[in-house]
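Below is one structure, written out as structure tokens; the observations come after it.
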Amino acid sequence: MAQRGPHPTLLLVLLAACLALARGETRYEKFLRQHVDYPRTAAPDARTYCNQMMQRRGMTSPVCKFTNTFIHDSAASITTICGPGGTPAGGNLRVSKASFALTTCRLQGGSQRPPCNYNGGTSTQRIRIACDGGLPVHYDGAI
């Protein structure tokens, strides 16, 4: 008989949210920790970069985050998207007018349990973020 109750993925998401709250981070601080790496941390290749950065930034424990994008520009430059450097994209989403250097890290294999192994890809693209109070609080994707 199938088990009834909360789905394990939901429990992991709730646990991650609780950990962020326990850190005492604001949504803006969490955005900076998870998505801003400027200047870009040196690494011999994108795979090594992703494995190091995902661990350093706390996205491999208690579970491995599936995908994450790092933006290689200053917090000030990214924040302008919430004002004149961006255009509205519905709700609190805004699209950058400028392109940004990005590294996107993707979990390899099917398990979200550590140890985490990532592949990385680099690109230069416009980005879509969510803003709150004039500050970026969520990375929504590349355009």
Side-chain angles (χ1 to χ4, degrees), residues 4-143:
R4 297 256 180 218
H7 192 274
T9 304
L10 175 62
L11 293 175
L12 293 174
V13 169
L14 291 173
L15 178 61
C18 289
L19 288 173
L21 289 174
R23 285 179 186 239
E25 286 181 312
T26 65
R27 292 178 68 203
Y28 173 64
E29 289 166 339
K30 181 179 179 183
F31 175 87
L32 294 178
R33 175 177 58 84
Q34 289 189 342
H35 299 294
V36 179
D37 181 37
Y38 182 75
R40 186 182 192 279
T41 299
D45 54 54
R47 183 181 166 283
T48 302
Y49 172 85
C50 285
N51 284 322
Q52 289 177 352
M53 290 301 294
M54 294 297 285
Q55 185 171 7
R56 286 180 189 169
R57 298 293 181 93
M59 291 180 276
T60 60
S61 179
V63 296
C64 309
K65 187 174 179 183
F66 277 117
T67 301
N68 189 71
T69 300
F70 291 99
I71 307 164
H72 306 298
D73 211 324
S74 69
S77 292
I78 298 163
T79 299
T80 65
I81 301 167
C82 297
T87 57
N92 64 347
L93 294 175
R94 298 195 48 98
V95 173
S96 66
K97 291 180 180 176
S99 293
F100 290 85
L102 309 172
T103 301
T104 300
C105 303
R106 290 186 176 83
L107 183 64
Q108 298 305 294
S111 175
Q112 276 191 277
R113 293 197 174 124
C116 311
N117 184 32
Y118 290 91
N119 272 345
T122 60
S123 64
T124 301
Q125 294 177 268
R126 294 168 50 218
I127 60 174
R128 184 174 46 245
I129 62 171
C131 299
D132 184 21
L135 296 172
V137 294
H138 171 74
Y139 177 84
D140 196 60
I143 307 297

Q. Taking only residues at least two apart or on different chains, which pairs with a member in residues 75-90 satisfy side-chain hydrogen bond (donor to acceptor under 3.5 Å, both in side chains)?
A. Asp73-Ser77, Ser74-Ser77
Q.
Any non-hydrogen side-chain atom of Cys82 less than 4.5 Å from a side-chain atom of Leu135?
A. no
Q) What is the minimum heavy-atom distance between Asn119 and Cys50, and which atoms define it? A) O-SG, 4.0 Å
Q) Has the side chain of Arg57 got a donor or acceptor atom that lies under 3.5 Å from a matching backbone atom of Arg33? A) yes
Q: Calculate, to the nearest 0.5 Å, the distance between atoms NZ and CZ belonging to Lys30 and Arg27 respectively.
A: 9.0 Å
Q. Is any side-chain heavy atom of Phe70 less than 4.5 Å from a side-chain heavy atom of Thr41?
A. no
Q. Hey, what do you get for CG (Asp140) to CZ (Arg128), rounding to the nearest 0.5 Å?
A. 4.5 Å
Q: Nearest 0.5 Å please: distance from the CD1 atom of Ile81 over to the CG atom of Leu93.
A: 11.5 Å
Q. Crowded around Gln55 CD? As in, over 12 foreign heavy atoms under 6.0 Å?
A. no
Q | Gap separating the CG atom of Leu102 from the CZ atom of Arg40, nearest 0.5 angstrom | A | 11.0 Å
Q | Which atom of Ala46 lies closest to which atom of Gly121, heavy atoms considered | A | CB-N, 4.3 Å
Q.
Tell me if a side-chain donor or acceptor on Asn117 pairs with a main-chain N or O of Gly109 at a distance below 3.5 Å.
A. no
(Q) Taking side chain to side chain contact (heavy atoms under 4.5 Å, CB included) as the definition, give me every residue that meets it alongside Arg106, ordered by chain and number, with sequence neighbours left out. (A) Thr67, Thr104, Gln108
Q. Backbone N or O of Gly58 within a donor-acceptor pair of the Lys65 side chain at under 3.5 Å?
A. no
Q: Would you indicate whether the side-chain heavy atoms of Ser99 and Gln125 approach each other to under 4.5 Å?
A: no
Q.
Strictly by ring-ring contact (aromatic ring centres under 6.0 Å, His included), give each pair with a member in residues 111-143 just once, sequence neighbours left out.
A. His35-Tyr139
(Q) Donor-acceptor pair, distance only, cut-off 3.5 Å: does the side chain of Ser96 make one with the backbone of Ile127? (A) yes
Q: Apply side chain to side chain contact (heavy atoms under 4.5 Å, CB included) to Tyr49 and Asp37, showing your working.
A: CA-CA 11 Å; Tyr49 172 85; Asp37 181 37; 2.7 Å; yes
Q: Could you grab the distance from atom CD1 of Ile129 to atom CZ of Phe100, nearest 0.5 Å is fine?
A: 7.5 Å
Q. Can you tell me if Arg94 uses its side chain to pair, donor with acceptor, with the backbone of Gly83 under 3.5 Å?
A. yes
Q. Closest approach of Pro136 and Tyr28, non-hydrogen atoms and distance?
A. O-CD1, 3.3 Å
Q. Closest heavy-atom contact between Pro62 and Pro114?
A. O-CD, 3.6 Å
Q: Quick one: pull up CG in Asn68 and SG in Cys105 and give me the separation to the nearest 0.5 Å.
A: 6.5 Å
